[in-house]
A.B. asks: 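Structure below; questions to follow.
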Amino acid sequence: MTAVRGLTNAATKLIDTNPFIWTQKGAHMTVKPTNPFYPFPELQTKRLLLRKLQQDDLHAVFDYASRTEVSRFVLWDTHQSTQDTQQFLNISYEKYERGEVAPFAIEEKSSGRLIGTIDFVWWDKEHSVAELGYVLTPDYWGHGFIPEAAERLVQFGFDKMDLFRIEARCYETNTNSTRVMEKIGMSHEGTLRGRMLVKGERQNILLYSLLKNEA
């Protein structure tokens, strides 16, 4: 179960990696935190812990990233070895250090198992808009874990990132993902016909969104 990641990059203005701004109050200087991703937050739901990816997650991530039933719905290629997965982890670690939007590991509390990731794949701070993306190991499909994680991240986006609009997109053939978007209250805004050529196949893209006053 996945949402298409990274569909819009060129015009995106990502968050400032400086986590603080200085303000003048009379003769005193005060520091205000401005970056909700520095330090990287930890979020919880009834069944899930959303946290940083860790090195111990390598094999759990590879387990789902190496499955074609997962990679067929995303932009990245099927992982052929743990080296591919390690590269993904290293990129994530760099984003944590810089205070950028980055993947949350989805951990099932009862088992301590990493079962997927979820994140805002980009954040246009100027316009208060971000795009939600997620991936879940097939072993856990159909049990409501992604809607549960997505609802928590949407709440974080509206409350801590001051978002006005959250988008999500998926291939028209990805019915599992469309159900997730509908379950968390998103509205289908339209179909972008033939929008992407991915792995040799032309894909129609479904666009969904949720506004702050609708959440």
Side-chain angles (χ1 to χ4, degrees), residues 2-9 11-25 29-54 57 88-89 91-109 114-136 144-170 177 180-187 189 207-215:
T2 57
V4 175
R5 293 165 180 250
L7 292 179
T8 306
N9 291 315
T12 299
K13 295 184 178 179
L14 294 179
I15 56 175
D16 187 350
T17 57
N18 181 358
F20 300 105
I21 57 172
W22 294 94
T23 59
Q24 181 82 37
K25 285 189 176 180
M29 297 296 292
T30 61
V31 64
K32 286 185 176 181
T34 61
N35 186 347
F37 291 97
Y38 192 92
F40 195 77
E42 189 171 277
L43 310 176
Q44 297 196 45
T45 70
K46 182 178 180 179
R47 298 182 294 171
L48 302 172
L49 173 65
L50 308 183
R51 56 163 175 80
K52 284 183 179 180
L53 286 162
Q54 303 167 355
D57 298 322
F88 164 68
L89 291 180
I91 292 171
S92 300
Y93 300 154
E94 292 172 2
K95 290 181 177 181
Y96 297 145
E97 289 296 320
R98 293 195 298 261
E100 297 178 0
V101 288
F104 287 84
I106 304 174
E107 178 183 313
E108 184 188 29
K109 288 181 179 179
L114 180 139
I115 61 175
T117 59
I118 189 167
D119 61 349
F120 289 112
V121 294
W122 54 262
W123 175 11
D124 185 338
K125 194 172 183 181
E126 180 179 357
H127 297 285
S128 302
V129 180
E131 182 176 339
L132 184 69
Y134 43 80
V135 59
L136 186 73
F145 286 106
I146 287 296
E148 184 173 328
E151 285 179 350
R152 182 66 186 90
L153 194 56
V154 164
Q155 179 187 29
F156 176 84
F158 288 139
D159 292 347
K160 302 300 183 182
M161 298 166 63
D162 197 28
L163 295 177
F164 177 77
R165 171 186 168 93
I166 295 175
E167 299 180 359
R169 310 183 193 204
C170 69
S177 194
V180 168
M181 297 173 193
E182 291 165 359
K183 283 182 180 178
I184 66 173
M186 286 186 156
S187 298
E189 293 192 338
L207 173 62
Y208 283 76
S209 72
L210 181 68
L211 304 183
K212 187 171 186 176
N213 58 9
E214 297 171 338

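Position 1 is the first residue of the sequence, and the numbers go up from there.
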A.B. asks: For residues A149 and I106, report the shortest heavy-atom separation together with the two atoms involved.
C.D. replies: CB-CD1, 4.2 Å
A.B. asks: Kindly determine whether F158 and F164 satisfy side-chain contact (heavy atoms from CB on, under 4.5 Å), including the steps that lead there.
C.D. replies: CA-CA 7 Å; F158 288 139; F164 177 77; 6.0 Å; no
A.B. asks: Search all heavy atoms of L48 against all heavy atoms of K109 and return the closest pair with its distance.
C.D. replies: O-CE, 3.2 Å
A.B. asks: Using modelled atom types and a 3.5 Å cut-off, is there a donor and acceptor pairing between side-chain atoms of E214 and backbone atoms of L211?
C.D. replies: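 Here the side-chain-to-backbone pair exists.
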A.B. asks: If I compare all heavy atoms of Q54 with all of Y93, which pair ends up nearest, and what's the gap?
C.D. replies: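 That would be C-OH, 3.3 Å.
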A.B. asks: Going by the angle between their ring planes, with limits at 30° and 60°, are F104 and F156 parallel, tilted or perpendicular?
C.D. replies: perpendicular
A.B. asks: Do V121 and V101 pass the side-chain contact (heavy atoms from CB on, under 4.5 Å) test, and can you show the C-alpha distance, the side-chain angles, and the key distance before you say yes or no?
C.D. replies: CA-CA 7 Å; V121 294; V101 288; over 6 Å; no
A.B. asks: Could you tell me the separation between the CD atom of E167 and the CG atom of L132, rounded to the nearest 0.5 Å?
C.D. replies: 10.5 Å
A.B. asks: Looking at CD1 of I146 and CD1 of I115, how far apart are the two atoms once the value is rounded to the nearest 0.5 Å?
C.D. replies: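 Output value for this atom pair is 7.0 Å.
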A.B. asks: Calculate, to the nearest 0.5 Å, the distance between atoms CG and CG belonging to D57 and L114 respectively.
C.D. replies: 4.5 Å
A.B. asks: Would you compute the distance between atom OH of Y208 and atom CE of M181 and round it to the nearest 0.5 angstrom?
C.D. replies: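 Answer rounded to 0.5 Å: 7.0 Å.
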A.B. asks: What is the minimum heavy-atom distance between K212 and L163, and which atoms define it?
C.D. replies: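 Residues K212 and L163, closest heavy atoms: CD-O, 3.4 Å.
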A.B. asks: Could you give the distance from CG (L210) to CE (M186), rounded to the nearest 0.5 Å?
C.D. replies: 5.5 Å
A.B. asks: Could you give me the CA-CA distance, side-chain angles and deciding distance for L136 and Y134, then say whether side-chain contact (heavy atoms from CB on, under 4.5 Å) is met?
C.D. replies: CA-CA 7 Å; L136 186 73; Y134 43 80; over 6 Å; no
A.B. asks: To the nearest 0.5 Å, tell me how far T45 OG1 sits from F145 CZ.
C.D. replies: 9.0 Å
A.B. asks: So which atom in L43 and which in L153 form the shortest heavy-atom distance, rounded to 0.1 Å?
C.D. replies: CD1-CD1, 4.0 Å
A.B. asks: Hey, are K95 and E97 close enough for a salt bridge, meaning a charged N less than 4.0 Å from a carboxylate O?
C.D. replies: no
A.B. asks: Taking side chain to side chain donor-acceptor pair (under 3.5 Å) as the criterion, tell me which of Q44, R51, R47 meets it with E107.
C.D. replies: R51
A.B. asks: Test your reading of the model: is there a side-chain donor-acceptor pair from Y96 to the backbone of P103, 3.5 Å cut-off?
C.D. replies: yes
A.B. asks: Got a donor-acceptor contact below 3.5 angstrom from the N35 side chain to the G99 backbone?
C.D. replies: yes
A.B. asks: List the atom of S177, the atom of C170, and the distance in Å for their closest heavy-atom pair.
C.D. replies: OG-CB, 3.7 Å
A.B. asks: Going by heavy atoms in the side chains, are L50 and E42 under 4.5 Å from each other?
C.D. replies: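 No, too far: nothing below the 4.5 Å cut-off.
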A.B. asks: Salt bridge or not between K46 and E148? Use side-chain N to carboxylate O under 4.0 Å.
C.D. replies: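 Salt bridge: no.
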A.B. asks: Salt-bridged, D162 to K125, with N to O below 4.0 Å?
C.D. replies: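 K125 and D162: not salt-bridged.
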A.B. asks: Between E100 and Y38, does a side-chain hydrogen bond (donor to acceptor under 3.5 Å, both in side chains) hold up when you go through it step by step?
C.D. replies: CA-CA 8 Å; E100 297 178 0; Y38 192 92; over 6 Å; no
A.B. asks: Can you check side-chain contact (heavy atoms from CB on, under 4.5 Å) on W123 and E131, steps first, answer last?
C.D. replies: CA-CA 7 Å; W123 175 11; E131 182 176 339; over 6 Å; no
